[in-house]
Amino acid sequence: MITKSDTTYYDVVGIGNAIVDVMAKVGDGFLNERNLPKGRMTLLGAAEAGKIYQDIIPEREISGGSAANTVAALASLGGAPAFIGKVHDDELGQAFQRDIGAAGVDFFTPPLQEGPSTGRSIVLVTPDAERSMFTYLGASERLSAEDIAEETIKSAKIIYLEAYLWDSEIGRQAFLKACELAKKHNRSIAFTLSDKSCVERHREEFLNLIKGYVDILFGNEEEIKSLFQEENFYKTLDMIKGDVEVAAITRSAKGSVIVKGRTKTFVEAEKVENVVDTTGAGDLYAAGFLYGFTQGRSLGTCATIGGIAAAEVISHYGARAEVSLRGYVRQRLIAYGIRP
C-alpha cells in the first residue's frame, strides 16, 4: 500500500503491551498443583501474579511483550522499527526502555509517573518446551489513544498490532485510532491473533476488525481454527482469503501456509535439533515475514525468513534472539539457495 511519493522512516511500528518477561522452568506438577492452565496466556491480578512469582526461581528477566519482541527481532534482521507501549517509571519500566533501545528500536511513549507498576509476564516452561504465560498487565493497560501519534503512524510502512491490546477498553481505543490513522495515510495494517484464549474472548470483534482494517494477518493453526470455529484447518484457509490481502498461518513443525487470494504457499519449517522453549516463536516468525515483506521479497521467501527466525528463538530460553539475526538468516538463505 506504500506509494513512491510517501516518505517513511520506519519499516514497522509495533503497538502492544510493554511487558517484562520473567522466565522459569517448572514441571507439569507445578501447574497441576495450582490448577494453572498449560500452553496459553492467562491474565492475572497483581496479587495472583505475586503468589506465582514467590514459588518460582526466575532464570531470566528480559523486556518482552508480543509486538515488542517482533520489532526487536526486526531490528536484529536489519529493519527499522519503532514501538508504542506503556510502562511505569519504575525499575522494571526503566529496564524495558533500556533493553528495547539497545535492541535498535525507537521508543518514545512517555512512562506513567503514578498508578500501576510495569507489567510482567511469568513464563513457565515445562520439559516438553511448552510455555504457559501468566500475565499482569499493569501499566501496559494504560496505553491510550493519546499515545498514538499521527506522525509516527504516518512514518511507517506497516503498523503491527497485537490482539492482547483488545483486553482493555482504553487499549481498544488506542488500537482503533492507530487503524484509522493507518488507513488515512494509506499504511498497511498487520494484526497478530496472539493467543487462542484471546481469540475466544473476542472472536466476533476480531472478525469485524479483520474485515474492516487488516491487510496482513498472523496466527497459528489453533488460533485460526478458533477464529472461524472450524476444525478443518484447510477450510479456514478458504474462509480467510477474502478478508485480508495476505494471511500467514504457522503450524509448528509443519511449517507455515501463506494465503493470498486463491493462492496458497506451503513452506516447510526450519529444522531444529533441540526445541528448548517455544516462547516468542510466533513473534519472531512475524518479524522475519515482515522484514522480507518490507524488502519486497516473495511471499515464500518472507515465510522462509520467518521460519528461520522462529527456529533460532525456540532453540534456547527466552523470546529474544541470541545471535544477530541478519547474519544468521543470510547464512541459512544461502544454504537454501535463496538470494540473501
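Please read these numbers as outputs of a predicted model, since none were measured by experiment.
Judged by distance alone, with hydrogens and angles left aside, the side-chain atoms of Thr294 form a donor-acceptor pair with the main-chain N or O of Leu290 at under 3.5 Å. Within the 3.5 Å criterion, the main-chain N or O of Ala174 finds no donor-acceptor partner in the side chain of Asp147. With hydrogens and angles disregarded, no donor-acceptor distance shorter than 3.5 Å links the side chain of Ser155 to the backbone of Tyr10. At distances below 3.5 Å, at least one donor-acceptor pair connects side-chain atoms of Arg203 with backbone N or O atoms of Ser226. At distances below 3.5 Å, at least one donor-acceptor pair connects side-chain atoms of Arg187 with backbone N or O atoms of His185. In this structure a side-chain-to-backbone donor-acceptor pair under 3.5 Å is missing from Asp243 to Ile210. Between the side chain of Lys264 and the backbone N or O of Leu237 there is no donor-acceptor pair closer than 3.5 Å. Proximity of a side-chain donor or acceptor of Arg120 to a complementary backbone N or O of Val20 within less than 3.5 Å is not detected. Judged by distance alone, with hydrogens and angles left aside, the side-chain atoms of Glu150 form no donor-acceptor pair with the main-chain N or O of Leu181 at under 3.5 Å. Judged by distance alone, the side chain of Ser140 and the main-chain N or O of Ala18 form no donor-acceptor pair under 3.5 Å.
With side-chain heavy atoms closer than 4.5 Å counting as contact, directly or through intermediates, Ile57 stands alone and belongs to no larger hydrophobic cluster. In this structure, Ile62 shares a hydrophobic cluster with no other residue, the cluster being traced through Ile, Leu, Val, Met, Phe, Trp and Tyr side chains under 4.5 angstrom apart. Its side chain within the 4.5 Å cluster rule, Leu36 clusters with Val22, Val26, Phe30, Leu31, Leu44, Ile52, Tyr53, Ile56, Ile122, Leu124, Phe134 among the Ile, Leu, Val, Met, Phe, Trp and Tyr residues.
Within the structure, the salt bridge (charged side-chain N to carboxylate O under 4.0 Å, His left out) test picks out the following pairs touching residues 10-32 (sequence neighbours left out): Asp11-Lys157, Lys25-Glu59, Asp28-Lys38. Listed by first and then second residue, the salt bridge (charged side-chain N to carboxylate O under 4.0 Å, His left out) pairs involving residues 246-263 are Glu221-Arg251 (not counting sequence neighbours).
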For this session: Would you check, one step at a time, whether the test side-chain contact (heavy atoms from CB on, under 4.5 Å) holds for Ile338 with Ile305?
Result: CA-CA 10 Å; Ile338 299 173; Ile305 296 172; over 6 Å; no

For this session: With side-chain contact (heavy atoms from CB on, under 4.5 Å) as the test, would you mind laying out the steps for Glu245 and Ile216 before giving the verdict?
Result: CA-CA 6 Å; Glu245 180 183 346; Ile216 305 169; 5.6 Å; no

For this session: Show your reasoning for whether side-chain contact (heavy atoms from CB on, under 4.5 Å) applies to Glu200 and Lys196.
Result: CA-CA 6 Å; Glu200 291 170 350; Lys196 181 181 177 181; 3.2 Å; yes

Exercise. side-chain contact (heavy atoms from CB on, under 4.5 Å) between Lys183 and Asn186: does it pass, once the steps are laid out?
Worked result: CA-CA 5 Å; Lys183 290 301 182 185; Asn186 200 33; over 6 Å; no

Exercise. Please walk me through it: do Arg320 and Asp99 pass salt bridge (charged side-chain N to carboxylate O under 4.0 Å, His left out)?
Worked result: CA-CA 11 Å; Arg320 299 283 175 92; Asp99 285 352; over 6 Å; no

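Taking 4.5 Å as the limit, every side-chain heavy atom of Ser63 sits out of range of all side-chain heavy atoms of Ile100. Residues Lys177 and Glu180 have side chains not in contact (no heavy-atom distance under 4.5 Å, counting atoms from C-beta outward). Contact check for Ile15 versus Phe175: no side-chain heavy atoms found under the 4.5 Å cut-off. Taking the side chain as every heavy atom from C-beta outward, Leu209 and Trp166 approach each other to under 4.5 Å. Here the side chains of Arg98 and Gln94 are in contact, with some heavy-atom distance below 4.5 Å. The side-chain heavy atoms of Pro116 and Arg142, taken from C-beta on, include a pair separated by under 4.5 Å.
The ring-ring contact (aromatic ring centres under 6.0 Å, His included) test with Phe218 is passed by exactly one of Phe289, Phe293, Phe191: Phe289.
Here the CD1 atom belonging to Ile249 is positioned 12.0 Å from the NZ atom belonging to Lys225, to the nearest 0.5 angstrom. A distance of 8.5 Å separates CD of Glu162 from OG1 of Thr70, quoted to the nearest 0.5 Å. In this structure, the separation between CD1 on Ile240 and NZ on Lys211 is 9.0 Å, given to the nearest 0.5 Å. In this structure, the separation between OG on Ser168 and CG on Asn17 is 7.0 Å, given to the nearest 0.5 Å. Expressed to the nearest 0.5 Å, how far OG of Ser197 lies from CD of Glu223 amounts to 9.0 Å. From Lys154, atom NZ reaches atom OH of Tyr9 across 8.5 Å, with rounding to the nearest 0.5 Å.
The minimum heavy-atom distance linking Phe96 with Ala68 is given by the pair CZ-CB, 4.1 Å. The two atoms that bring Thr135 and Ser121 nearest to each other are OG1-OG, 3.0 Å, heavy atoms only.
With a 6.0 Å cutoff to the six-membered ring centre and a 45° limit on the axis angle, Arg332 counts as a cation-pi contact of Tyr336.
Evaluation of the side chain to side chain donor-acceptor pair (under 3.5 Å) rule for Ser298 yields Thr301 as partners, not counting sequence neighbours.
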